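Data block below; observations after.
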Number of protein chains: 2
Amino acid sequence: MRAIVFNDTELSYQPHYTPKPIASAVEVEVLQAGICDTDLQLIRGYMGFSGVLGHEFVGIAKSGRFEGQRVVGEINCACLNCDSCVHGFTNHCPHRTVVGILNHDGAFAESVWIPEKNLHAIPESISNDEAVFVEPLAAAFQIPSQLDLSQLENIVVLGDGRLGNLCAQVIARSCEQLLVVGKHSEKLKRLSSHGIATSLLSEVNTGRTADLVVDCTGSPSGLSTAFQIIKPRGTIVLKSTFADQEIPNLAPIVIEELNIVGSRCGPFKTAIESLTLKEIDVTSLITSRFSIESAIDAFEAAQQKDQLKVILEINC
Amino acid sequence: MRAIVFNDTELSYQPHYTPKPIASAVEVEVLQAGICDTDLQLIRGYMGFSGVLGHEFVGIAKSGRFEGQRVVGEINCACLNCDSCVHGFTNHCPHRTVVGILNHDGAFAESVWIPEKNLHAIPESISNDEAVFVEPLAAAFQIPSQLDLSQLENIVVLGDGRLGNLCAQVIARSCEQLLVVGKHSEKLKRLSSHGIATSLLSEVNTGRTADLVVDCTGSPSGLSTAFQIIKPRGTIVLKSTFADQEIPNLAPIVIEELNIVGSRCGPFKTAIESLTLKEIDVTSLITSRFSIESAIDAFEAAQQKDQLKVILEINC
């Protein structure tokens with residue numbers, strides 16, 4: 001089948017890739033998929049991944065209870081038997097594979113194999129373009145599932161990219177004092193159009209007033225910025241991972257008695273529900289589309305500063 | 001007066017140091033003081049401090065409501081007017097000085113000047129040797145003041161040094177499943193004698209089972225170790241600061257959705273109460289004593305692996 005494969009250092013389009021079978025998983029014919037910051041980190045060496053990339057997708061289930069229906073898939077494929085799984089933390093199963101990230105061929109291919117319990121049917125009212133955002137939107141909804149935002153007065157989201165935009169839209173639903181700080185005025189304008197306050201990083205002047213900073217920059221410099229604007233005893237949510245880079249000194253965590261909260265995958269049901277209700281604008285984030293055959297160009301585009309979501313069209 | 005002064009790169013004993021006056025503070029004649037890991041970090045450049053070092057001490061108040069009494073002093077000297085102070089977080093006042101750490105001459109001198117509201121009288125039943133431990137013991141008691149330990153099954157303290165020992169003794173009061181991991185069998189034996197389970201770092205084999213890891217190593221390698229033994233969604237308390245060194249990649253915080261909690265100064269009253277009740281053994285941690293004139297040797301000693309608390313005798 002056609003697939004986008006990363007091996008050690010090289011990203012390539014392969015017209016005749018032989019997929020690795022995944023026991024007791026459902027084949028999903030991928031309609032389209034989205035390129036995520038994690039994909040860009042993976043091709044820089046993060047996680048040492050080899051195989052088919054891609055974990056944001058919508059497709060059609062080829063068998064099982066969702067046969068013939070449009071589906072999206074949760075990316076953590078758990079053993080369901082270990083201590084983590086028994087306690088309900090399947091996303092943290094130490095034996096898990098992660099679609100397109102860890103020992104599991106991903107969705108930048110004609111088909112991807114996903115355990116049936118990870119699949120969610122997509123209602124008619126959600127378009128394919130919207131459905132591709134279920135995975136990253138769920139990750140944004142993980143923040144209010146971890147923290148009670150209603151008690152916080154000042155929240156700052158760092159980063160005006162794909163994930164920053166989604167996190168900001170989610171947080172804006174429960175916090176009036178939200179500021180998004182970014183480096184790109186065009187991207188910030190998209191958030192202003194939703195009534196969200198924004199500031200260029202070069203002009204930010206909040207002092208140490210933020211109760212909560214959500215770092216979506218995908219760079220260790222985000223943590224440095226967070227240290228400069230967070231209140232003592234405040235909380236910093238880390239949303240993005242990054243390949244090895246210079247990390248700032250962590251002394252402010254101790255001195256200011258900060259709370260750092262890691263936040264990863266989130267509730268698919270909440271994301272699907274909010275897309276059904278048209279509460280979050282996702283489709284305007286799509287800045288370009290490529291066929292799977294042009295995936296190398298698509299990855300090039302996704303790394304450009306003026307791009308937000310780059311879509312790969314596969315079986316559509 | 002006699003004082004131990006650090007200027008830029010040089011630590012020196014000065015027989016005729018002229019103290020910097022501190023407005024509306026009480027002069028405390030220092031009886032004895034303790035060398036702390038933070039002092040060792042300060043002489044390696046942490047905080048860019050210049051002046052008299054020392055923040056663990058017992059002395060005699062020369063004026064005010066404690067005149068003539070033995071006292072210890074909280075080290076954060078706050079403005080009492082700012083937003084942090086008004087909300088009760090005087091330890092986080094952005095305008096604060098910190099005794100022997102930030103813009104405030106410390107206690108490795110014949111006298112130290114401390115705001116009266118920072119002073120606590122020491123009861124007769126607490127010896128001078130014990131009283132020197134009030135400040136670091138309060139820092140250990142900050143952990144149960146920040147986190148409910150009663151719900152946690154497995155707690156690991158990393159570090160068998162001064163602070164690790166105190167944190168372990170404090171945590172052992174409310175947690176049966178405590179393990180202290182260190183590099184020094186002699187230091188671990190001291191904890192075993194209190195009925196606390198210990199393991200050499202080279203032999204540790206906990207898997208990812210710890211609900212809480214308290215890092216008292218004073219080194220970024222402690223965080224790497226913590227990442228290897230913490231459960232997904234577990235909490236890591238950072239107790240120690242360090243001068244710039246190589247920090248591990250922080251991706252595990254996001255991937256495992258960890259909670260990192262910075263923890264610094266703690267409740268003096270609780271520490272004094274527990275010393276009054278002889279609940280915590282501190283005096284056996286004293287491994288050597290030096291006169292203030294021999295402070296350079298004392299700092300040398302404090303950096304040796306076989307040492308725990310090094311005491312400086314000043315006016316005693």
Side-chain angles (χ1 to χ4, degrees), chain A residues 38 41 46-47 76 82-84 87-94 96 98 101-102 139 142 145-147 207-209 215 218 220 222-223 230-266, chain B residues 38 41 46-47 76 82-84 87-94 96 98 101-102 139 142 145-147 207-209 215 218 220 222-223 230-266:
Chain A
T38 304
Q41 298 288 347
Y46 171 62
M47 301 287 291
N76 294 281
C82 70
D83 194 51
S84 280
H87 287 87
F89 297 116
T90 51
N91 284 357
H92 291 287
C93 168
R96 73 188 181 278
V98 186
I101 295 175
L102 180 69
Q142 180 70 346
S145 89
Q146 290 175 288
L147 299 167
R208 290 180 184 277
T209 58
D215 177 21
L223 192 54
I230 191 77
K231 257 188 189 167
R233 297 201 141 215
T235 298
I236 298 172
V237 172
L238 296 186
K239 275 309 293 181
S240 44
T241 50
F242 29 83
D244 279 323
Q245 289 177 58
E246 199 171 322
I247 315 281
N249 190 295
L250 303 183
I253 298 175
V254 179
I255 297 171
E256 311 293 351
E257 294 191 315
L258 302 178
N259 194 10
I260 313 292
V261 176
S263 177
R264 193 167 46 102
C265 302
Chain B
T38 304
Q41 298 289 346
Y46 171 61
M47 299 290 288
N76 294 282
C82 71
D83 193 53
S84 279
H87 287 86
F89 297 116
T90 52
N91 285 356
H92 292 286
C93 169
R96 73 187 182 279
V98 185
I101 296 175
L102 181 68
Q142 180 70 346
S145 89
Q146 290 175 290
L147 299 168
R208 290 182 184 277
T209 58
D215 178 21
L223 192 55
I230 190 78
K231 257 187 188 167
R233 297 201 142 215
T235 298
I236 299 172
V237 172
L238 296 186
K239 276 307 296 181
S240 43
T241 50
F242 30 82
D244 279 324
Q245 291 177 55
E246 200 170 320
I247 315 280
N249 190 295
L250 303 183
I253 298 175
V254 179
I255 297 171
E256 311 293 351
E257 293 191 317
L258 303 177
N259 194 9
I260 313 292
V261 176
S263 176
R264 193 167 46 101
C265 302

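Keep in mind that this is a model prediction, so the values were computed, not measured. By convention in this document, chain letters (A, B, ...) are assigned in the order of the sequence lines, proteins followed by strands, and residues within each chain are numbered from 1.
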What distance separates A:N91 CG from B:I255 CD1, expressed to the nearest 0.5 Å? 12.5 Å

Taking distance alone, no hydrogens or angles, what donor-acceptor pairs closer than 3.5 Å link side-chain atoms of residues 231-238 of chain B to residues at least two apart or in another chain?
{"unit_1": "B:K231", "atom_1": "NZ", "unit_2": "B:D211", "atom_2": "OD1", "d": "3.1"}
{"unit_1": "B:R233", "atom_1": "NE", "unit_2": "B:E257", "atom_2": "OE1", "d": "3.1"}
{"unit_1": "B:R233", "atom_1": "NH2", "unit_2": "B:E257", "atom_2": "OE1", "d": "3.0"}

Kindly determine whether B:T209 and A:D83 satisfy side-chain contact (heavy atoms from CB on, under 4.5 Å), including the steps that lead there. CA-CA 10 Å; B:T209 58; A:D83 194 51; over 6 Å; no

Is there a side-chain contact between A:N259 and B:I260 in this structure, where contact means two heavy atoms from C-beta onward sitting under 4.5 Å apart? no

Check whether any side-chain heavy atom of A:V261 sits under 4.5 Å from a side-chain heavy atom of B:L258, and report yes or no. no

Pick from B:R208, B:Q146, B:M47 with the largest number of heavy-atom pairs that fall under 4.5 Å of chain A: B:Q146

Between atom CG of B:N249 and atom OH of A:Y46, what is the distance when rounded to the nearest 0.5 Å? 8.0 Å

